[in-house]
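Please see the structure below; I have some questions.
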Amino acid sequence: MNKMNEKLTEKLKTLPGSAGVYFHKSKKGEIIYVGKAAVLKHRVRQYFQDSRLRDAKTDALVAEIDDTDWIETESEIDALFLESEMVKRYKPRFNILLRDDKSQIFVRINLKDTYPYLSFTRQPLDDRADYFGPYYNGFAVKKALRYLRKIFPYSTHANVPKRLCLQYHLGLCPGVEEQKISSREYKGVLKKLILYLRGERKQLIRQLESEMKVAAAHRQYEVAAKLRNQIHNLRELQKQILFSDREFMDISKDQALSGLATLLNLRGAPRRIEGYDISHMQGTNNVASLVVASNGLADKAEYRKFKLRLPGNNDFAHMHEVISRRFSGRHLDWPKPDLLVIDGGKGQLGAALQALEEKGIQIPAIGLAKRLEEIVIHKTSSNVALNAEIYPEAFVTESADFLIVLLPKDSHIVKLLQRIRDESHRFAVSYH
């Protein structure tokens with residue numbers, strides 16, 4: 001057994017008995033597989049048991065594992081959601097090898113319907129509905145939604161039947177067949193369910209507690225009791241679900257965030273990263289996107305889009321416009337970001353920095369050039385201090401005003417920035 005294997009053996013002894021997400025790595029430090037676990041110490045150790053029956057693909061994975069890391073989560077359902085995000089970020093090759101594309105599943109809810117229904121699909125459409133996912137374990141997601149349905153009853157009727165369904169009598173459907181609940185009240189229930197799906201459990205419980213106090217103050221005791229039961233059931237949920245909440249995840253263990261903070265000499269791991277991209281069609285119908293990564297995870301509730309006012313095909317001017325509008329002072333309810341990631345090279349980043357300077361705002365900002373995934377930094381205006389010497393594999397070139405940093409494409413930092421850039425591009429194109 002080599003030294004690294006001995007180190008891994010000792011490391012496995014420290015695996016916790018909680019739920020979480022684990023990362024198998026190769027000798028080069030590349031994340032080759034991301035998985036979730038109800039009990040980390042049991043699931044991860046299974047990979048290294050000689051008696052365990054495995055197929056050839058899993059044997060190939062185990063043969064390459066040189067190190068393993070993990071992040072603990074509060075519940076199994078949190079691990080389910082966190083695994084989905086990490087697979088999208090790192091695109092580990094063994095996740096692709098071991099999982100058929102058909103295994104991924106999305107949850108679909110269209111709040112624009114009078115009485116929305118919840119469904120599952122393997123291919124999201126551009127139909128203005130909300131999609132959550134992809135998740136890579138359809139059985140686990142469906143089981144999780146069955147538990148959540150007891151707390152937040154929802155309809156699954158694409159075509160509403162004429163009679164009340166069995167699920168209504170079981171307390172799992174709100175009775176949309178005979179409009180036992182108003183459209184407005186029902187959508188309020190679904191919005192709470194969506195908060196949970198987005199990982200905002202803490203915010204959701206605060207909202208329910210506030211509503212409960214208001215109901216009690218107005219002597220609406222039945223409503224207050226129902227809200228009290230929902231709060232209790234939500235807290236019990238984490239103890240019984242099959243399977244990180246952004247608010248509870250220990251982001252110090254996220255190597256991409258900590259690495260980015262070290263590379264750019266930031267004050268700490270960037271908790272809110274905003275990514276920007278421009279989309280147009282030969283200079284017409286110009287739009288811009290703002291996507292947000294909270295603690296490294298896509299925070300779709302915070303995404304914003306802009307219909308640009310300037311005509312023509314000028315990405316630099318359009319980037320200047322969107323940054324100017326973002327920091328115009330009209331959006332004080334939007335949290336201040338710790339880092340801006342601009343999709344593009346020197347020109348796009350320069351335009352963004354000029355807009356920030358005109359507004360008198362100092363926020364760390366970098367660009368990500370598509371062709372080679374180069375990190376672009378302005379020497380004096382990016383509000384960062386490059387620590388490239390900490391990364392011997394980094395290749396740095398410089399011009400009069402800019403530094404260009406090229407990291408290996410399998411770097412955790414590059415994977416994170418790519419994920420943000422790809423999301424900003426996807427969101428801009430979908431809006432366009």
Side-chain angles (χ1 to χ4, degrees), residues 19-23 31 33-38 43 55 57-58 61 71 73 75-113 116-159 167 172-173 189-201 237-238 240-246 291 297-301 303 419 422-423 426-427 430:
V21 172
Y22 56 90
F23 309 83
I31 293 178
Y33 186 79
V34 174
K36 64 181 174 303
R43 182 68 185 98
D55 58 23
K57 292 178 180 179
T58 306
L61 164 64
I71 295 175
T73 59
S75 70
E76 297 172 65
I77 194 170
D78 293 330
L80 180 73
F81 297 151
L82 179 57
E83 178 205 33
S84 171
E85 177 60 32
M86 290 302 180
V87 169
K88 284 185 284 187
R89 180 199 296 183
Y90 291 113
K91 300 181 179 67
R93 49 192 170 90
F94 275 98
N95 285 82
I96 298 170
L97 180 65
L98 295 172
R99 291 171 171 172
D100 193 308
D101 285 341
K102 295 177 182 178
S103 67
Q104 73 176 25
I105 192 169
F106 294 81
V107 177
R108 179 188 182 276
I109 303 175
N110 188 358
L111 287 175
K112 296 173 182 62
D113 292 342
Y117 64 94
L118 184 147
S119 62
F120 299 95
T121 180
R122 301 201 181 279
Q123 184 59 53
L125 302 174
D126 187 14
D127 57 359
R128 302 181 71 190
D130 290 312
Y131 289 88
F132 305 91
Y135 305 111
Y136 297 89
N137 186 324
F139 172 80
V141 172
K142 290 176 181 179
K143 189 173 180 182
L145 265 296
R146 284 201 297 272
Y147 278 113
L148 287 167
R149 194 175 188 183
K150 296 175 183 177
I151 306 172
F152 305 110
Y154 56 80
S155 170
T156 57
H157 302 306
N159 298 308
Q167 303 303 318
L172 302 176
C173 181
V189 173
L190 287 181
K191 286 176 181 178
K192 291 171 183 174
L193 173 63
I194 288 172
L195 271 180
Y196 196 100
L197 292 178
R198 285 175 172 159
E200 305 290 348
R201 182 174 63 245
L237 188 64
Q238 67 189 70
Q240 60 181 329
I241 271 289
L242 63 161
F243 254 116
S244 153
D245 187 322
R246 288 189 298 271
V291 302
L297 306 183
D299 192 351
K300 296 186 179 181
Y303 287 14
R419 170 77 178 127
D422 292 347
E423 267 293 275
R426 179 199 64 78
F427 192 54
S430 66

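Note: hydrogens, waters and symmetry copies are ignored here, and every other heavy atom, side chains too, is used.
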For Pro116 against Asn110, the heavy-atom pair lying closest together: CB-O, 3.2 Å

Within the structure provided, determine whether Tyr33 and Tyr22 are in side-chain contact (heavy-atom separation under 4.5 Å). yes

Flag the pair Phe106 / Gln123 as yes when at least one side-chain heavy-atom distance between them is below 4.5 Å, and no otherwise. no

Exercise: identify the closest heavy-atom pair between Ala37 and Arg43: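 For Ala37 versus Arg43, the nearest heavy atoms are CB-CB, 3.5 Å.
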
Flag, side chain of Arg108 to backbone of Tyr131, donor-acceptor distance under 3.5 Å: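 Checking the backbone N and O of Tyr131 against the side chain of Arg108, no donor-acceptor pair under 3.5 Å is found.
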
Whether Lys142 engages the ring of Phe120 as a cation-pi pair (distance to the six-membered ring centre under 6.0 angstrom, angle to the ring normal within 45°) should be assessed.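 Ring-cation test returns yes.
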
Are any of the side-chain heavy atoms of Arg89 and Met86 separated by less than 4.5 Å? yes

Validation row: Gln167, Arg149 side chains within 4.5 angstrom (heavy atoms):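 SC-SC contact between Gln167 and Arg149 confirmed.
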
Spacing of OG belonging to Ser155 relative to CG belonging to Leu190, to within rounding of 0.5 Å: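 Here the rounded value is 9.0 Å.
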
Walk me through it: do Phe94 and Val34 pass the test side chain to side chain contact (heavy atoms under 4.5 Å, CB included)? CA-CA 8 Å; Phe94 275 98; Val34 174; over 6 Å; no

With rounding to the nearest 0.5 angstrom, report the CG to CG distance, Leu148 to Leu145. 6.0 Å

Within 6.0 Å of NZ in Lys91, more than 12 heavy atoms from elsewhere: yes

Evaluate Ile151 against Lys192 for side chain to side chain contact (heavy atoms under 4.5 Å, CB included), listing each step before the verdict. CA-CA 10 Å; Ile151 306 172; Lys192 291 171 183 174; over 6 Å; no

Could you measure the distance from the CG atom of Leu118 to the OG1 atom of Thr156? Nearest 0.5 Å is fine.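 Result: 8.0 Å between the selected atoms.
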
Flag side-chain contact, heavy atom, 4.5 Å: Cys173 against Pro153: no

Using every non-hydrogen atom in the two residues, find where Glu83 and Val21 come nearest and quote the distance to one decimal.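 Scanning both residues completely, I find the closest heavy atoms to be N-CG2, 3.7 Å.
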
To the closest 0.5 Å, what do you measure between CG (Asp130) and NZ (Lys112)? 6.0 Å

Show, in sequence, the C-alpha distance, side-chain angles and deciding distance for Leu193 and Tyr154, and conclude whether the side chain to side chain contact (heavy atoms under 4.5 Å, CB included) test is met. CA-CA 9 Å; Leu193 173 63; Tyr154 56 80; 3.9 Å; yes

So Asn95 and Tyr90, do their side chains get closer than 4.5 Å, heavy atoms only? no

